[in-house]
A.B. asks: 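Before we start, here is the structure in question, set down as structure tokens.
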Amino acid sequence: MANPKIIVAIDGYSSCGKSTLAKQLAGKLGYNYIDSGAMYRAITLYFLRNHIDFSQEEIVRANLQNIHLSFEYVEAHHKSEIHLNDENVERYIRDLIVAEKVSEVATIKEVRQFAVAQQKKMGNRRGIVMDGRDIGTVVFPDAELKIFMTADLEIRVKRRFEELEQTGMPATIDEVKHNLAMRDYIDSNREESPLRKAEDAKTLDNSNMSRDEQLEKVLNWVAESIELKKLAQVH
Ligand code: CDP
């Protein structure tokens, strides 16, 4: 019998390596990787480009109707990249200008409903790894494996700073630190689906772990979850 497909939900603080882990896992398992944060970033980019006053509920609702998001697989990068109204905006959404506003935009109820409805559909056939802030709690509360990731703030700052440096996006260490701390605060304290560890999530603190170590650990969890699912299907 072929292994049943599962959903892996990865949540956690800003820049603690969720997408790195999610990509590794999806590659190993032959699953689809979806970066839910990219959707909030793309919506923010749309609002910024079009000078939308997103403090007004009515304006947000009207503008969401003009936003079409899709993930298209880009062979050269071995991953699905986000498209905003058919434009690949992957390189624009990582900019600090977007990062400065994204958490504010992600507190808006209409925005969350818009994004979550699409995310839920993507899990219809399982076989998906999705990372974000509310994946195990709101998007896929029935995910077979939920992981809550964390790492020390200083380590996260260093990682994000190096990442931005590599992609040629200018930012100082202080700017990055301020942005991560601010987003963690807003994400954890908002009213609509705040960042929380789901009760049945496994915690992964990767402050002192290499990529290979964390992958090995999580692949063991995946194997356990698949075995449990097989058992549940038999009985
Ligand atoms: O990559 P990083 O961890 O810095 O953030 P991201 O995953 O790209 O998410 C950007 C922002 O979108 C977060 O700081 C949250 O404010 C928001 N977000 C959310 O509210 N819910 C999600 N499922 C994913 C992201």
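Ligands are counted one by one from 1 in listed order, and the atoms in each one are counted from 1 as well.
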A.B. asks: How close does the nearest protein non-hydrogen atom get to atom 24 (C) of ligand 1, and which residue and atom is it?
C.D. replies: S36 OG, 3.3 Å

A.B. asks: Does some side-chain heavy atom of V218 sit less than 4.5 Å from a side-chain heavy atom of M149?
C.D. replies: no

A.B. asks: May I ask you to identify the nearest protein heavy atom to atom 10 (C) of ligand 1, giving residue, atom name and distance to one decimal place in Å?
C.D. replies: R183 NH1, 3.5 Å

A.B. asks: How many angstroms lie between atom NZ of K79 and atom CD of E81, to the nearest 0.5 angstrom?
C.D. replies: 4.0 Å

A.B. asks: Under 4.5 Å between side-chain heavy atoms, hopping through other hydrophobics if needed: is there a path connecting I155 to I10?
C.D. replies: no

A.B. asks: Answer yes or no: does an N/O atom from Y40 fall short of 3.5 Å to an N/O atom of ligand 1?
C.D. replies: no

A.B. asks: Check whether any heavy atom of R112 sits under 4.0 Å from an atom of ligand 1.
C.D. replies: yes

A.B. asks: On a heavy-atom basis, I'd like to know which of R156, K18, R41, M182 is closest to atom 6 (P) of ligand 1.
C.D. replies: R41

A.B. asks: Who pairs with S55 by side chain to side chain donor-acceptor pair (under 3.5 Å), at least two apart in sequence or on another chain?
C.D. replies: D53

A.B. asks: Step through the shown structure and confirm whether more than 12 heavy atoms of other residues, nucleotides or ligands are within 6.0 Å of CZ on R49.
C.D. replies: yes

A.B. asks: Looking only at heavy atoms, is any part of R133 under 4.0 Å from ligand 1, and if so is it the side chain, the backbone, or both, or is it neither?
C.D. replies: both

A.B. asks: State, yes or no, whether a side-chain contact exists between M182 and S14 at a heavy-atom distance under 4.5 Å.
C.D. replies: no

A.B. asks: For atom 2 (P) of ligand 1, tell me which residue out of R160, E192, M149 has the closest non-hydrogen atom.
C.D. replies: R160

A.B. asks: Should one rank D187, T107, L195, I186 by closest heavy-atom distance to atom 16 (O) of ligand 1, which comes out on top?
C.D. replies: D187

A.B. asks: Please state which protein non-hydrogen atom is closest to atom 17 (C) of ligand 1 and give its distance, to 0.1 Å?
C.D. replies: A106 CB, 3.7 Å

A.B. asks: Examine D131 against ligand 1 and note whether any of their N/O atoms are separated by less than 3.5 Å.
C.D. replies: no

A.B. asks: Take atom NZ of K197 as the centre, draw a 6.0 Å sphere, and report whether it contains more than 12 heavy atoms from other residues, nucleotides or ligands.
C.D. replies: yes

A.B. asks: Going by the rule side chain to side chain donor-acceptor pair (under 3.5 Å), which residues pair with Q24 if we only count those two or more places apart in sequence or in a different chain?
C.D. replies: none

A.B. asks: Would you say that more than 12 heavy atoms from the other residues, nucleotides or ligands in this model lie under 6.0 Å from the CD of E216, or not?
C.D. replies: no

A.B. asks: Quick check on side-chain hydrogen bond (donor to acceptor under 3.5 Å, both in side chains): which of D184, T150, N206 does R156 satisfy it with?
C.D. replies: D184

A.B. asks: What atoms in ligand 1 come closer than 4.0 Å to a heavy atom of G132?
C.D. replies: 22 (C), 23 (N), 24 (C)

A.B. asks: Could you tell me if any non-hydrogen atom of S19 lies under 4.0 Å from any atom of ligand 1?
C.D. replies: no

A.B. asks: Identify, by atom number and element, the atoms of ligand 1 in contact range of D134, meaning under 4.0 Å from any of its heavy atoms.
C.D. replies: 21 (N), 22 (C), 23 (N)

A.B. asks: Hey, does E87 have a side-chain heavy atom less than 4.5 Å from the side chain of Y92?
C.D. replies: yes

A.B. asks: Can you list the ligand 1 atoms lying under 4.0 Å from a non-hydrogen atom of V102?
C.D. replies: 11 (C), 12 (O)

A.B. asks: Which protein heavy atom lies closest to atom 3 (O) of ligand 1, and at what distance to 0.1 Å?
C.D. replies: S15 N, 2.9 Å

A.B. asks: Return yes when R190 approaches ligand 1 closer than 4.0 angstrom through a heavy atom, no otherwise.
C.D. replies: yes

A.B. asks: Tell me whether D35 has any N or O atom under 3.5 angstrom from an N or O of ligand 1.
C.D. replies: no

